[in-house]
Asks: 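The structure under discussion is supplied below as structure tokens; questions concerning it will follow.
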Amino acid sequence: QVQLVESGGGLVQAGGSLRLSCAASGRTFSRSAMAWFRQGPGKEREFVGAISGTGRTTFNADSVKGRFTISRDSANNTVHLQMYALKPEDTAVYYCAARSSILARSTPSDYDYWGQGTQVTVSS
């Protein structure tokens, strides 16, 4: 079992930045690929970024490339999502997810564990 707790969401103006964190406990963290997804009002859950269990491989959705960076701190069992140049369309509930593999994927169904989500609201 893996427990995930997100933090760092909030209200920010367009062009601003936020850093989301996901604290993981339970299963050996280093064996779990991690990802961030988001779900905006009236929208389906969409992929934001993922990082492999080793941290050597990361990739992001095209919509956030160049603006968002995913990283992991294995010493503290934490994954971060640094977000810059935020836009109103980034407004969503952001979810952290973990899978029982070191290989990162971009599909929600590939992930076994989910956090409760943290709200990010970007005002124009």
Asks: Quick one: are E6 and L20 in side-chain contact, heavy atoms under 4.5 Å?
Replies: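 No - every pair of side-chain heavy atoms lies 4.5 Å or more apart.
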Asks: Taking atom OG1 of T78 and atom CG of L4, what is their separation to the nearest 0.5 Å?
Replies: 10.5 Å
Asks: Can any side-chain N or O of S101 pair as donor or acceptor with the backbone N or O of L103 at less than 3.5 Å?
Replies: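 A pair under 3.5 Å: yes.
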Asks: Could you report the tightest heavy-atom contact between P108 and W114, atom names first, then the distance?
Replies: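 Nearest heavy atoms, P108 then W114: O-CZ2, 3.5 Å.
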Asks: Nearest 0.5 Å, please: how far is OG in S106 from CD in E46?
Replies: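 Atom-to-atom, E46:CD and S106:OG are 11.5 Å apart.
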Asks: Can you give me the closest heavy-atom contact between Y111 and A50, atom names plus distance?
Replies: OH-CB, 3.8 Å
Asks: Please tell me if the side chains of S17 and M83 come closer than 4.5 Å, counting only heavy atoms from C-beta onward.
Replies: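 Not touching, per the 4.5 Å side-chain cut-off.
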Asks: Suppose we screen for side chain to side chain contact (heavy atoms under 4.5 Å, CB included). Which residues come up paired with N60, at least two apart in sequence or across chains?
Replies: V64, K65, I70
Asks: Answer with yes or no after comparing the ring centroid distance for F59 and F47 against a 6.0 Å cut-off, counting only values under it.
Replies: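 Under 6.0 Å, so yes.
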Asks: For the CD1 atom of I51 and the CZ atom of R56, what is their distance to the nearest 0.5 Å?
Replies: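 Rounded to the nearest 0.5 Å, the CD1-CZ separation comes out at 11.5 Å.
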Asks: How many angstroms lie between atom CG of L81 and atom SG of C22, to the nearest 0.5 angstrom?
Replies: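 Interatomic distance, L81 CG to C22 SG, rounded to 0.5 Å: 10.5 Å.
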Asks: Please examine the side chains of W36 and V79, heavy atoms only from C-beta on, and report whether any two atoms are closer than 4.5 Å.
Replies: yes
Asks: Just by modelled atom types, is the S52 backbone N or O under 3.5 Å from a matching donor or acceptor in the R72 side chain?
Replies: yes
Asks: Does a donor on one side chain and an acceptor on the other come within less than 3.5 Å for Q3 and S25?
Replies: yes
Asks: Let me confirm one number: the NZ-OG1 distance from K43 to T91, rounded to the nearest 0.5 Å.
Replies: 8.5 Å
Asks: Any idea which heavy atoms bring F68 and R38 closest together, and the distance?
Replies: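 For F68 versus R38, the nearest heavy atoms are CE2-NH1, 4.0 Å.
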Asks: Nearest 0.5 Å please: distance from the NZ atom of K87 over to the OG atom of S124.
Replies: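 Between atom NZ of K87 and atom OG of S124 there are 14.0 Å.
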Asks: At their closest point, which heavy atom of Y95 faces which heavy atom of G115, and how far apart are they?
Replies: CD2-O, 3.7 Å
Asks: Mind checking whether V48 and V12 sit in one hydrophobic cluster, side chains of I, L, V, M, F, W, Y counted as touching below 4.5 Å?
Replies: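 V48 clusters together with V12.
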Asks: Determine whether a donor-acceptor pair (N or O, by modelled atom type, separation under 3.5 Å) exists between the side chain of D112 and the backbone of S100.
Replies: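 A pair under 3.5 Å: yes.
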Asks: Test of understanding: clusters of I, L, V, M, F, W, Y form through side-chain heavy atoms closer than 4.5 Å, transitively. Do I102 and M34 belong to the same one?
Replies: no
Asks: Are more than 12 heavy atoms, taken from residues, nucleotides or ligands other than E44, located less than 6.0 Å from that residue's CD atom?
Replies: no
